[in-house]
Amino acid sequence: MFLAEECDRNRHMTIKTKEEIQLMAKVGKLAARCLEHTGKFVRPGITTDELDKIAHDFTLSHGAKPAPLGYKGYPKSICTSVNHVICHGVPGAEVLKEGDIVNVDVTCLLDGFHGDTSATFYVGEVSENARKITEAAKKAMEKGIEAITPFGTTGDIGFAINKFATKSGFYVVEEIGGHGIGRGFHEDPFVPSFGKKGRGDRLLPGGTITVEPMLNETDAEMIEFAIPNSKIFWYITSDKCLSAQFEHTVLITENGPEILTVP
Ligand code: MF3
Ligand code: CO
Ligand code: CO
């Protein structure tokens, strides 16, 4: 996530050297493997705290750190956002039940660099509505990534995401989106899930960003909740409709996008 209002000062992405790109690829791969590993445990009866511990232990056992833990006071190692939770759901005693959908968002920190990826998982058998929004969120992310071109703009990404989401009958979250990533967890620029082609910030070869659209079933506004002792908020849809999200960390190359968070 990146709040649109937090990033109107320095809109330039940091360009990574060849060596830095190798480190980004290494941490990206680890984050993807951590997400895949943790996702295997998603089933009715497991608590989100148990998922947090699984991801936490996996990350440490591979010599990395879970970036969320202690980030702006955030208390856990991953985010787990169930059903109508849009993002930054905090793992706890909640027991996942048949029919839920849960977004698991993993960020690893290794050798000074961040890899950030998330996926929405089905808890047992889910409704057709739940499947539809989850598949649409995944495809919207893919469309956004495919829209990346060297010297294109963040608006190209947002336009492609929103076009697909709308066509599928869903609504994108505008206030929160993707971000530059590297030595910093959240770097400039803001990567919106809506926008106009050719608008926004320039996509430069050697830059690394996340593409992470959140799709909602309705256009109801979102409600934010404070996390105690933290500057991070978690968000729900005000009418409790479903929300789904996927996220990849992507390198912009002279030939187009290269997804770094692949196992
Ligand atoms: N991983 C989230 C993102 O995609 C950020 C989580 S920040 C936390 O940007 F503090 F909530 F963990
Ligand atoms: Co992110
Ligand atoms: Co994330």
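Note that ligands are numbered from 1 as they come in the structure, with each ligand's atoms numbered from 1 the same way.
- Between His179 and His186, the two ring planes are perpendicular [angle over 60°; tilted spans 30° to 60°].
- Taking backbone and side chain together, Asp105 holds an N, O or S atom under 2.8 Å from the Co ion (ligand 3).
- At least one heavy atom of Glu212 sits less than 4.0 Å from an atom of ligand 1.
- One finds the CD1 atom of Ile181 at 4.5 Å from the CG atom of Asp116 (value rounded to the nearest 0.5 Å).
- Residues Asp239 and Thr218 bring a donor and an acceptor atom of their side chains to less than 3.5 Å of each other.
- Neither the backbone nor the side chain of Lys76 has a heavy atom within less than 4.0 Å of ligand 1.
- Atom numbering of ligand 1 starts at 1 in the shown order; those under 4.0 Å from a heavy atom of Pro68 are 12 (F).
- Contacts between Cys79 and ligand 1, counted as non-hydrogen atom pairs separated by less than 4.0 Å, involve the side chain only.
- Residue contacts with ligand 1 for Asp116 involve side-chain atoms from C-beta outward but no N, CA, C or O (heavy atoms, distance under 4.0 Å).
- Residue Asp105 has at least one N or O atom closer than 3.5 Å to an N or O atom of ligand 1.
- Residue side and main chain included, His179 places an N/O/S atom under 2.8 Å of the Co ion (ligand 2).
- The closest approach of Glu247 to the Co ion (ligand 3), by N/O/S atoms, is made by OE1.
- Defined by atom type and a distance below 3.5 Å, a donor-acceptor pair is present between the side-chain atoms of Thr14 and Glu187.
- The only member of Met24, Lys16, Glu258 that meets side chain to side chain contact (heavy atoms under 4.5 Å, CB included) when paired with Leu251 is Glu258.
- Numbered from 1 in the order shown, with element, the atoms of ligand 1 that lie under 4.0 Å from a heavy atom of Thr107 read 1 (N).
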Exercise. Could you go through the salt bridge (charged side-chain N to carboxylate O under 4.0 Å, His left out) check for Asp57 and Lys53 one step at a time?
Key: CA-CA 6 Å; Asp57 291 349; Lys53 181 166 171 31; 2.8 Å; yes
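- Against a heavy-atom cut-off of under 4.0 Å, Ile232 is close to the following atoms of ligand 1: 10 (F), 11 (F).
- Between Phe185 and ligand 1 there is a heavy-atom distance shorter than 4.0 Å.
- At least one heavy atom of His179 sits less than 4.0 Å from an atom of ligand 1.
- Note on Asp116: its N/O/S atom closest to the Co ion (ligand 3) is OD1.
- Proximity to His186 (heavy-atom distance under 4.0 Å) selects the following atoms of ligand 1: 3 (C), 5 (C), 9 (O).
- Considering only heavy atoms from C-beta on, Met13 comes within 4.5 Å of Leu203 through its side chain.
- By the criterion of side-chain heavy atoms lying less than 4.5 angstrom apart, applied directly or through intervening Ile, Leu, Val, Met, Phe, Trp or Tyr residues, Val172 is grouped together with Ile157 in one hydrophobic cluster.
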Quiz item: Yes or no on side-chain hydrogen bond (donor to acceptor under 3.5 Å, both in side chains) for Thr261 and His248, after CA distance, side-chain angles and deciding distance?
Solution: CA-CA 6 Å; Thr261 38; His248 271 311; 2.8 Å; yes
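- Between Phe233 and Tyr235, the angle of the ring planes lies from 30° to 60°, which puts this pair in the tilted group.
- Restricting Glu212 to its N/O/S atoms, the shortest distance to the Co ion (ligand 2) is reached by OE2.
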